[in-house]
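FYI, side chains are in, hydrogens and waters are out, and symmetry mates aren't considered; it's all heavy atoms of this structure. To find a chain, count down the sequence lines: A is the first, B the second, and so on, and within it residues start at 1. Remember, predicted model here, so these are calculated numbers, not experimental data.
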Amino acid sequence: MAKRYWLMKTEPDVFSIRDLKARPGKTEAWNGVRNYTARNHMRDLMSVGDGVLFYHSSVTPAGVAGLAVVAKKAYPDPTAMDPKSEYFDAKAKPGINPWVMVDVKFQQEFPALVTLDQMKQTPGLEGIMVTRKGMRLSVQPVTAEEFAIVAKLGGG
DNA sequence: GCCAACGTTGGC
DNA sequence: GCCAACGTTGGC
């Protein structure tokens with residue numbers, strides 16, 4: 001399958017690019033996605049080697065903090081079946097757990113955040129989803145061109 | 001199956 | 001903290 005590119009959002013207070021870098025193998029399971037569109041992107045379209053723009057949300061400024069890569073294709077997210085988890089979903093049962101996660105591996109942290117505002121002003125990024133008002137999808141597809149432009153802005 | 005109410009996201 | 005946008009829920 002052809003390599004694809006993604007933007008994945010996280011609140012850095014919860015999990016940041018530095019947390020990813022500090023993980024064993026610099027790899028983390030991307031659990032807690034509870035939106036069907038985002039789930040479908042992970043389950044149906046993501047493959048090992050896909051590029052990831054690692055986006056920090058709910059901070060000022062928000063923006064892409066670095067690059068990562070998909071290290072394992074989608075598999076069941078156990079936090080959905082853990083009553084003690086904040087991501088628990090009563091609909092999830094063994095065998096019918098609707099939620100999946102992928103593993104994501106650290107590639108690089110940008111020297112400076114590529115901010116939302118910067119992306120809005122950059123030619124070639126007119127269509128990137130994250131700049132659209134009200135766009136809150138946590139796993140978004142980006143084009144190879146958009147990925148390359150953001151990587152370059154980040155100094156990657 | 002429609003759609004209003006509700007809850008959440010996330011930039012500002 | 002505000003509130004627009006949007007996804008989900010649930011009554012009908």
Within one Ile-Leu-Val-Met-Phe-Trp-Tyr cluster: A:Val102 and A:Leu20, side-chain cutoff 4.5 Å: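 Yes; tracing contacts between hydrophobic side chains, which count when under 4.5 Å, links both residues.
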Quick check on the hydrophobic clustering: are A:Trp30 and A:Leu67 connected, directly or via other members, by side-chain heavy-atom contacts under 4.5 Å?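 No; A:Leu67 is not reachable from A:Trp30 via cluster members.
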Carboxylate-amine/guanidinium proximity below 4.0 Å for A:Asp77 and A:Arg34: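 Salt bridge between A:Asp77 and A:Arg34, a charged N being under 4.0 Å from a carboxylate O: yes.
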Boundaries of the DNA chain B segment in contact with chain A, non-hydrogen, under 4.0 Å: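 Both ends considered, the range comes out as B:dG7 to B:dC12.
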Applying ring-ring contact (aromatic ring centres under 6.0 Å, His included), which residue pairs with at least one partner in residues 72-101 of chain A are found, sequence neighbours left out?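 Non-adjacent pairs meeting ring-ring contact (aromatic ring centres under 6.0 Å, His included): A:Tyr36-A:Trp99.
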Find out whether A:Tyr5 and A:Leu53 are in side-chain contact, i.e. whether some heavy atom of one side chain is under 4.5 Å from a heavy atom of the other.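 No; the side chains remain at least 4.5 Å from each other.
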